[in-house]
Amino acid sequence: MSNILPNSLVRRLGSNPLFDQEAFLAAHESGEKLTSIRINPKKETKLDFNLDTHVPWCKNGYYLESRPKFTLDPLFHAGCYYVQEASSMFIDHIIDFLKLSSEEIKALDVCAAPGGKSTLLNACLNQDSLLVSNEIIKSRSIVLQENIMRWGYAHVVVTNNDPSAFRRLPGFFDLVLVDAPCSGSGMFRKDEDSIDEWSEANVKLCSERQQRILSEILPSINSNGYLLYSTCSYSIEENEEILDWLINEYNLESIQVPFNSAWGIEETASPKNKAFGYRFYPHKVKGEGFFIAALKMKNIQPSFSFKKMKFEKSPVPKDGLSPWVENMDEFSTLVHNENVHIFPKHLEASIKALQQVLYLKNAGTMIGKWLGKELVPSHDLALSIQRNNTLPAVELNIDDAQNFLRKEQLDIEIFSSVKKGWCLVNYKGESLGWVKVLGNRINNYYPKEVRIANL
C-alpha cells in the first residue's frame with residue numbers, strides 16, 4: 001500500500017481489476033506539479049511566458065512549461081487568463097457537445113468560488129446568455145466577485161445564497177452546474193495537506209451534503225434542461241452513486257458524452273442505472289483527479305412567472321454614460337447605493353427576477369458612482385470588455401505596471417501627453433486600472449484591497 005495515500009481509498013480503487021494501482025500510486029509519489037491556464041478569448045494578447053501544449057478538451061486551455069510567478073504578471077491582474085486545473089476544463093467540451101453555446105440560455109454555477117468554472121462558462125456560452133455565479137460562503141463570494149470582475153463580462157450576476165434560495169426560481173435555468181463540495185481525494189497530488197483530512201466518515205458526510213445541495217437546486221432547472229455534476233473526489237459514494245440517486249429520485253436522464261480515447265479519460269457506469277460518468281486519473285491524463293457527469297431533466301417542471309415584474313426608469317441618463325461604455329444603447333442600468341451597473345438590455349427581466357428573490361453581490365458590470373452630473377469610474381469598468389475604447393490610456397512598461405499594481409506613485413512624465421482627468425493604464429494593450437492626472441501629480445486608483453503587497 002501507499003505510504004502517502006489512505007489505504008482504504010487505494011484498496012477501494014484497486015478492487016476494480018482494470019484499475020492500474022501501481023501507476024496511480026507512482027503518479028502521486030512522483031511529486032509532479034502541472035500548471036495550466038485558460039486564455040480569456042476577449043482579452044487575447046502576447047503573454048510574458050511560454051505556452052507548452054494545448055489542453056485537448058478545452059479550446060482556450062494550455063499547459064505551461066513551468067509555473068511563473070502569477071502575482072508579478074500584470075496580464076494576470078488584467079484578466080487575460082485564469083489559472084485553472086486542466087481536468088476541470090472538460091466542461092468546455094461538454095458545453096460544445098450539448099450545443100449550449102449556439103443559443104441564448106440561462107445558466108447557474110451553484111458552488112462557484114473561486115471562479116474557474118464560472119469564467120469558463122462566461123467564455124464558452126453564447127454571449128447573449130445569462131450566467132448566475134453563486135457562492136454560499138461570504139468570504140469566498142468576495143474572491144469569486146473579484147475573479148468575475150477581472151474576466152470583464154457584463155452578462156453575469158454574482159450571488160451569495162444558500163442553494164435552497166433557488167427553489168424560488170422554479171424552472172428558471174437551462175443549465176445548472178454543481179461542482180459539489182467533496183472529500184477532495186482528487187487533489188491529493190496537488191495538496192498533500194488534504195490527505196490528513198480525508199476519512200471514510202468524511203466521504204459519507206460529503207455525499208449527504210451533495211444530495212442536499214442537489215435536492216435544493218433541481219427545481220430551478222427547466223423542462224429538458226441540463227445538470228452538470230462534478231467533484232474532485234475518487235469515491236464512488238460521491239460520484240456514481242450520486243448519479244443513481246439522481247436518476248431514481250428525480251427521473252433525470254444520463255447523457256453520454258463522446259470524447260477522443262487518446263485523451264486518457266475513463267468513462268464509467270453507475271452501479272444501478274449504468275449512468276455515464278467521466279473520471280480523470282493523474283496517471284492517465286495531464287491533470288488532477290476529477291469526476292463529471294451530464295444529466296437531462298425529463299420531468300415537466302413548473303416555470304417562473306415574469307408577469308409581476310416591475311421596471312423602474314433609471315435616474316442616470318444614458319448620454320452621461322456613453323463616453324464610458326461602448327454601444328451604451330444596448331445596455332440597461334441598475335443603480336444601487338449610487339453605483340451604476342450595466343447589463344445587456346435583453347436580460348433586464350431576468351435580472352429583476354433575481355433581484356427579487358436572491359442576495360446579489362454584483363449584477364453585470366458595476367461601472368462607477370453617479371454623482372448627479374458625472375461618473376466616477378470604477379475598477380470594474382477599467383477591466384470590462386464593454387469599456388469605451390476611445391478613453392484616454394497610457395501604455396506602461398513592466399516595472400511601471402508592477403508599481404501601479406502595488407499602488408505606488410507613478411512618474412508624471414509618463415502621462416505628459418494626457419490632459420487632466422481620468423486615464424487608463426495599460427500593459428501590452430490591456431487595461432490594469434485608473435489613474436487621475438492632476439496638474440503636478442498622478443493619483444493611483446488601483447483598489448487597495450487587491451494591490452500587490454510585495455514584489
Side-chain angles (χ1 to χ4, degrees), residues 6 8-9 12-13 88 91 94 107-113 117 132-137 140 159-187 194 197-223 225-255 257 268-280 289-302 358:
S8 58
L9 173 67
R12 289 285 298 276
L13 291 171
S88 64
I91 292 168
I94 297 177
L108 167 64
D109 184 358
V110 181
C111 311
K117 295 175 181 66
V132 177
S133 185
N134 179 72
E135 173 56 43
I136 183 174
I137 301 170
R140 286 170 58 83
T159 61
N160 176 207
N161 292 267
D162 185 84
S164 60
F166 291 92
R167 284 184 170 272
R168 301 194 291 270
L169 292 165
F172 192 86
F173 295 103
D174 307 288
L175 170 70
V176 170
L177 167 63
V178 178
D179 182 45
C182 67
S183 60
S185 50
M187 302 303 288
S194 64
E197 300 173 9
W198 189 92
S199 68
E200 292 189 59
N202 192 37
V203 169
K204 183 177 185 297
L205 182 65
C206 288
S207 176
E208 292 169 353
R209 183 189 298 131
Q210 291 151 5
Q211 290 179 45
R212 183 192 79 81
I213 292 171
L214 289 163
S215 65
E216 298 284 15
I217 213 71
L218 285 170
S220 70
I221 304 177
N222 68 21
S223 305
Y226 293 96
L227 168 70
L228 301 187
Y229 174 74
S230 65
T231 74
C232 54
S233 169
Y234 295 124
S235 298
I236 189 172
E237 296 91 336
E238 300 176 77
N239 297 329
E240 288 86 356
E241 288 185 6
I242 292 290
L243 302 188
D244 278 336
W245 174 80
L246 284 166
I247 291 169
N248 292 339
E249 295 294 322
Y250 295 97
N251 197 32
L252 293 172
E253 175 188 356
S254 175
I255 303 294
V257 179
T268 65
S270 64
K272 295 180 180 178
N273 296 295
K274 306 305 177 187
F276 300 103
Y278 300 91
R279 283 179 172 254
F280 293 69
F290 186 62
F291 174 87
I292 192 165
L295 302 105
K296 188 173 184 178
M297 178 62 69
K298 293 170 64 177
N299 293 337
I300 303 300
Q301 296 280 84
L358 300 175

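Note that the structure is a prediction, hence the values are computed from the model and not measured.
The side-chain heavy atoms of L227 and L246, taken from C-beta on, include a pair separated by under 4.5 Å. No side-chain heavy atom of P170 sits under 4.5 Å from any side-chain heavy atom of P219. Within the 4.5 Å cutoff, the side chain of S88 has no heavy atoms near those of the S230 side chain. Looking only at side-chain heavy atoms (C-beta outward), V257 and F276 stay at 4.5 Å or farther from each other.
For K204 and E208, the salt-bridge test passes: some basic side-chain N is under 4.0 Å from an acidic carboxylate O.
Between the CG atom in N239 and the CZ atom in F290 there is a gap of 10.0 Å [rounded to 0.5 Å]. The OG atom of S254 lies 8.5 Å from the CG atom of N273; values are rounded to the nearest 0.5 Å. Going from atom CD1 of I136 over to atom CG of N160 covers 8.0 Å, rounded to the nearest 0.5 Å. Atom NZ of residue K296 and atom CG of residue N251 lie 12.5 Å apart, to the nearest 0.5 angstrom. The line from CD1 of I255 to CD1 of I94 is 10.5 Å long, rounded to the nearest 0.5 Å. Taking CG of N222 as the start and CG of L175 as the end, the distance is 10.0 Å to the nearest 0.5 Å.
Looking at S164, its side chain never comes within 3.5 Å of a backbone N or O of E216 through a donor-acceptor pair. Between the side chain of S235 and the backbone N or O of E238, no donor-acceptor pair lies under 3.5 Å. Between the side chain of D244 and the backbone N or O of K272 there is at least one donor-acceptor pair closer than 3.5 Å. Under a 3.5 Å cut-off, the side chain of Q301 and the backbone N or O of L218 do form a donor-acceptor pair.
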| Criterion side-chain contact (heavy atoms from CB on, under 4.5 Å) on L358 and L169, from CA distance to verdict | CA-CA 9 Å; L358 300 175; L169 292 165; 4.0 Å; yes
| query | Can Y250 and M297 be said to form a side-chain contact (heavy atoms from CB on, under 4.5 Å), step by step? | reply | CA-CA 8 Å; Y250 295 97; M297 178 62 69; 5.6 Å; no
| message | Would W198 and S233 count as a side-chain contact (heavy atoms from CB on, under 4.5 Å) here? Give the steps. | response | CA-CA 10 Å; W198 189 92; S233 169; 5.6 Å; no
| Given the rule in the side-chain contact (heavy atoms from CB on, under 4.5 Å) test, do V176 and S220 qualify, once you have shown the distances and angles that lead to the verdict? | CA-CA 8 Å; V176 170; S220 70; 4.1 Å; yes
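Pairing each heavy atom of K298 with each of L252, the nearest pair is CD-C, 4.0 Å. Nearest approach of A269 to E240, heavy atoms of both residues: O-CG, 4.2 Å. Taking every heavy atom of both residues into account, S270 and L243 meet most closely at CB-CB, 4.4 Å. Taking both residues in full, the closest heavy atoms of P163 and I217 are given as O-CD1, 3.9 Å, listed atom of the first, atom of the second, then distance. For the pair K117 and D179, the tightest heavy-atom approach, listed with the atom from each and the gap, is NZ-OD2, 3.1 Å. Taking all atoms of both residues into account, the shortest heavy-atom contact from F280 to Y234 is O-CE2, 4.0 Å.
Open room surrounds CZ on R12; 12 or fewer heavy atoms of other groups in view lie less than 6.0 Å from it.
Inspection of the N134 and T159 side chains reveals an N or O donor paired with an N or O acceptor under 3.5 Å. With no hydrogens or angles considered, no side-chain donor-acceptor pair links E241 and S207 at under 3.5 Å. Between the side chains of S183 and N202, not a single donor N or O lies within less than 3.5 Å of an accepting N or O.
With I242 as the fixed residue, the side chain to side chain contact (heavy atoms under 4.5 Å, CB included) test singles out one of V178, T231, L214: L214.
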